[in-house]
Every structure is written in C-alpha cells, then in structure tokens.
Amino acid sequence: MARAVFPGSFDPLHNGHLDAIRRASRLFDQLTVAVVNNPLKRSNLFSLEERLAILEEALVGLEGVEADAFDGLLVEYLRRIDSRVIIKSLRGLSDLETEAQMAHLNRHLSAEVETTFIVTAPRWSYLSSTRVKELASFGADVSGMVPEPSLRCLVGVFPET
Ligand code: PNS
C-alpha cells in the first residue's frame, strides 16, 4: 500500500494547502498530513495542538487522509510510519529553491526517500500562512482563504478579521 506524507507547519492551514492535500490524496492509498512540532520556531501563532485540531477538522471526509504530528527529523518520522514519499506544494519557482534544498537534504539523510511536488492551483498561488496572519491582524476578511476551523482560530486571536 502506497503511503505518502504531506508535512508542514500549517500555522494555520489555508486553502492552498487543502487543494494540494486533496489532489495528493488521489495519488496515494494513504496520505498523512503531518504537522511539525518545532520548538525552535517560536514565531508560530498557533500551538501544535491547535494546528493539529484544525487539520483534523478540515480533513474530515477526505478518504485515506489522516492528520498527525511529529517531532524531530522528517525522515525518521517517515521511517516510523513506513513511508518513503514526501509531498510538498509549490506556489511557483520562488518556492523551488528552498524546497529543492530540503528534498536534497532529506535524500542525503535517507536515500530511499523521494520528494514529489504538487503545483498549487493558480487561484491559491498567492496564499501563504504568513500573509493570511498578516491580513487577519489588520482586520481584513480572510474567510475566502482558509477553511472554517482556521478561520475560527484566527478570529479568536484577531476578533476584527
Ligand atoms: O510548511 P513548512 O514550514 O514549509 O514545512 C517545513 C517542514 C516541516 C517540512 C520542515 O521544516 C521539516 O521537515 N522539519 C522537520 C525537521 C527536519 O527534518 N529537517 C530537515 C529537513 S530540511
């Protein structure tokens, strides 16, 4: 059974992520969307528990897709859950530089791991979690950019959004 992992910070999950997750889920029997617990990244707006809860709610109804959290190296996590495929989304060429570096690093760490990319649908190509948080912090309407559970969390922090 082919199992892939879609890792990320998901701070918070937005519609571009969801589109890529849906499309990736059609390519694999099992897709684990794995939120990273990165204690060094103090700039996260939402806790690991909040980011995971958003994912769990937003992924309901997607067949073969589950949410999980991981600590430490991604390749070690893949080994633990018996997967060899990492899926990331690319909004455009500017993402490729960083994503290719991560793909090379992960293959250096674990030769059997392959990274594959889903190109974000054009309608979401301008979205990033950072921009969504910035807009929400200024009271802009981000309801068309994120799923309902993300919106609820954003409104919790920025009631004007
Ligand atoms: O959503 P992001 O911030 O692009 O996700 C980055 C993520 C979680 C994929 C990356 O930071 C990661 O894999 N972190 C776990 C630690 C690790 O394995 N680092 C080496 C690979 S660069």
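One-based numbering, in listed order, for ligands and for the atoms of each.
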Exercise. Between the side chains of Asp71 and Tyr77, does any donor sit under 3.5 Å from an acceptor?
Worked result: no

Exercise. How about Ser9 and Asp11: does a side-chain donor come under 3.5 Å of a side-chain acceptor?
Worked result: no

For this session: Give the minimum heavy-atom separation between Leu31 and Ala24, together with the two atoms involved.
Result: CD2-CB, 3.9 Å

Exercise. Any side-chain heavy atom of Val85 sitting closer than 4.5 Å to one from Thr116?
Worked result: yes

Exercise. With respect to Phe158, which candidate in Leu45, Val142, Leu135 satisfies the side chain to side chain contact (heavy atoms under 4.5 Å, CB included) definition?
Worked result: Leu45

Exercise. Do the side chain of Arg51 and the main chain of Phe46 share a donor and acceptor less than 3.5 angstrom apart?
Worked result: yes

For ligand 1, list every N/O pair with the protein closer than 3.5 Å, one pair per line with the distance.
{"unit_1": "ligand 1", "atom_1": "1 (O)", "unit_2": "Ser9", "atom_2": "N", "d": "2.9"}
{"unit_1": "ligand 1", "atom_1": "3 (O)", "unit_2": "Ser9", "atom_2": "OG", "d": "2.7"}
{"unit_1": "ligand 1", "atom_1": "4 (O)", "unit_2": "Lys88", "atom_2": "NZ", "d": "3.1"}
{"unit_1": "ligand 1", "atom_1": "18 (O)", "unit_2": "Leu74", "atom_2": "N", "d": "2.8"}

